[in-house]
Protein chains: 2
Amino acid sequence: MSAPVAKVAREGAEGGSRRLILDTAARLLRSGGYHQTTLREIAEAVGIRKASLYYHFASKEEIVEEVVNDGVRFVHEAVVAALAEHAAASPHARLEAAIRAHLTALHGHGDYTSASIKVFTFGAMPVPDSVRQVRRAYGEVWRGLIAELQQAGAIAPERSPEALRLFLLGALNGSTDWYRPGRFDIAELAQEFAALIAQAG
Amino acid sequence: MSAPVAKVAREGAEGGSRRLILDTAARLLRSGGYHQTTLREIAEAVGIRKASLYYHFASKEEIVEEVVNDGVRFVHEAVVAALAEHAAASPHARLEAAIRAHLTALHGHGDYTSASIKVFTFGAMPVPDSVRQVRRAYGEVWRGLIAELQQAGAIAPERSPEALRLFLLGALNGSTDWYRPGRFDIAELAQEFAALIAQAG
DNA sequence: GTCTATAGGCGGATAGAC
DNA sequence: GTCTATCCGCCTATAGAC
């Protein structure tokens, strides 16, 4: 992964202001969405003036784009890592691990991931190409996993893998709407969801 | 249903301008969401001046609230009607009919329903009490149907009905993100989805 | 790197003529 | 019922001092 490395290098050179701005933007985007979140709010929360943001970023779009892509990449990497850890497990166990990783990344780790969902679910903003690519790459992970499950017989051969993938991701991302830390347990939710769409084994 | 009757009566008295405004607002809200949709846009699309909207509505919130509630009520009534039509069918067939009705109402009939999803999914606006009530009432329909399926044995007794309901509605409403009229068939999608979460029978 | 100041436009909303 | 005119505040973005 070369991007994170480059990013860390850049941060070292400029004292992390850029990261601070992105962190703050992520938090505000998560609760407010694209249009409600203003540069004034971000600047205020960071503790600088609105105009100073333009030293670090060329536009609001650029800030949002970076937050959103970071969020999707974070979920992507978490799911890939979970699948690698469960490489030897049963297909059903791998599915459950992937779902658990997705939900954990979405709800347990920072604002970037939730902000991603909130901002680019629906076309609330003109979706940049980079975002489209990052999303597509993540979609491929699930396409592969579902194909694997179907080949292993954990999903019936007559089920449409594409419909299944869209339903599943929709349901997982929709959890930003109703999930609350105290009221649900992510591991249990993952178990429930996995049981819905694949046979145990 | 007394509300629609009252509404029709009102419309007769004022020439349908009110309905025209709501129709237009629904269309814009569907594609733009709450914050992106402005009174100026609505007025322009209707063909009147911004200020004239205030003769018909007290505020932007009032317009949005009415669109959203109409949308949810439309889906609610469609699903209830479908269940009534399939009163004698098997639990699985009733589930499939309900899913098909939800998806059809969501995608096949106007902008109100999609606007509802788009606007109040996430808390993009301060959710009025009336909206909360209308949503809750619709949620009850699914709670009842899922309980029925579980009692009939079409859903395993160890499945959490609440997790299942949230998964189901999240997946269905998420379809506003990817569903396109030519590329998917609603009846097929309903069949796929019903097969996913309940045993045939 | 951050500041002040400002440009130019759009947001919702109101007053009052017709 | 619709209009013109206007208020006031916030928006993104830029210019230029420090």
Side-chain angles (χ1 to χ4, degrees), chain A residues 7-29 31-68 115 118-119 124-128, chain B residues 7-29 31-68 115 118-120 123-128:
Chain A
K7 203 171 291 175
V8 167
R10 234 190 299 136
E11 281 169 42
E14 53 174 45
S17 310
R18 188 185 170 88
R19 187 86 276 161
L20 178 59
I21 292 168
L22 289 172
D23 286 351
T24 308
R27 181 161 44 80
L28 294 171
L29 285 167
S31 61
Y34 178 77
H35 285 97
Q36 198 171 56
T37 303
T38 66
L39 296 180
R40 172 176 304 199
E41 273 182 315
I42 296 172
E44 219 161 273
V46 168
I48 59 175
R49 297 290 162 229
K50 211 175 29 163
S52 307
L53 294 173
Y54 286 88
Y55 174 79
H56 299 278
F57 300 92
S59 67
K60 178 181 179 180
E61 265 72 25
E62 195 177 295
I63 298 179
V64 174
E65 187 174 337
E66 194 150 333
V67 167
V68 165
K118 174 114 185 188
V119 169
M125 66 176 281
V127 185
Chain B
K7 204 171 289 176
V8 167
R10 234 190 298 136
E11 281 170 41
E14 52 173 49
S17 310
R18 188 185 170 88
R19 185 85 276 163
L20 178 60
I21 292 168
L22 289 172
D23 286 351
T24 307
R27 180 162 45 81
L28 294 171
L29 286 166
S31 61
Y34 179 76
H35 285 99
Q36 197 173 57
T37 303
T38 65
L39 295 181
R40 175 173 304 202
E41 272 183 316
I42 296 173
E44 219 161 273
V46 168
I48 58 175
R49 298 287 162 234
K50 208 175 33 162
S52 306
L53 293 172
Y54 287 88
Y55 173 80
H56 300 279
F57 299 93
S59 68
K60 179 182 179 179
E61 264 73 24
E62 197 178 292
I63 297 178
V64 175
E65 187 175 338
E66 195 150 330
V67 167
V68 166
K118 174 113 184 190
V119 169
F120 71 56
M125 66 175 281
V127 185

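Naming convention: chains lettered A, B, ... in sequence-line order (proteins, then strands); numbering from 1 in each chain.
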For A:A115 and A:A26, work out which heavy atoms get closest and say how close.
CB-O, 3.6 Å
Anything under 3.5 Å between a donor and an acceptor, one on a side chain of residues 37-47 of chain B, the other on a protein residue two or more places apart or in another chain? List them.
residue : atom : partner : partner atom : Å
B:T37   : OG1  : B:L28   : O            : 3.2
B:T37   : OG1  : B:G33   : O            : 2.6
B:T38   : OG1  : B:E41   : N            : 3.1
B:E41   : OE1  : B:T38   : N            : 3.1

In this structure, how many angstroms lie between the P atom of C:dA13 and the CG atom of B:L39, rounded?
6 Å
When rounded to the nearest 0.5 angstrom, what distance separates CZ in A:R49 from OH in A:Y54?
15.5 Å
In residues 57-65 of chain B, what residues come within less than 4.0 Å of DNA chain C, judged by heavy atoms?
B:S59, B:K60
Checking B:E61 now: which residues fulfil side-chain hydrogen bond (donor to acceptor under 3.5 Å, both in side chains) with it, not counting sequence neighbours?
B:Y34
Whole-Å distance separating the OH atom of B:Y54 from the P atom of D:dT6
19 Å
Quick check: closest heavy atoms across A:L22 and A:E66, and the distance to 0.1 Å?
CD1-OE2, 3.4 Å
Nearest 0.5 Å, please: how far is CD1 in B:I48 from CG in B:L20?
8.0 Å
From CZ (B:R18) to NE2 (B:H56), nearest 0.5 Å:
9.0 Å
Between A:G32 and A:K118, the two heavy atoms sitting closest are C-CE, 4.1 Å
What protein N or O atoms touch nucleotides 2-6 of chain C N or O atoms at under 3.5 angstrom, if any, and at what distances?
residue : atom : partner : partner atom : Å
C:dT2   : OP2  : A:H56   : NE2          : 2.8
C:dC3   : OP2  : A:R49   : N            : 2.5
C:dC3   : OP2  : A:S52   : OG           : 2.9
C:dT4   : OP2  : A:R49   : NE           : 3.1

Starting from the first five and the last five pairs of the helix from C:dG1-D:dC18 to C:dC18-D:dG1, work out the angle between the resulting helix axes, to 10 degrees.
0°
Roughly how many Å is it from CG in A:L53 to C1' in D:dT12, rounded to a whole number?
11 Å
Which whole-number value in Å describes the distance from A:R40 CZ to D:dC10 C1'?
6 Å
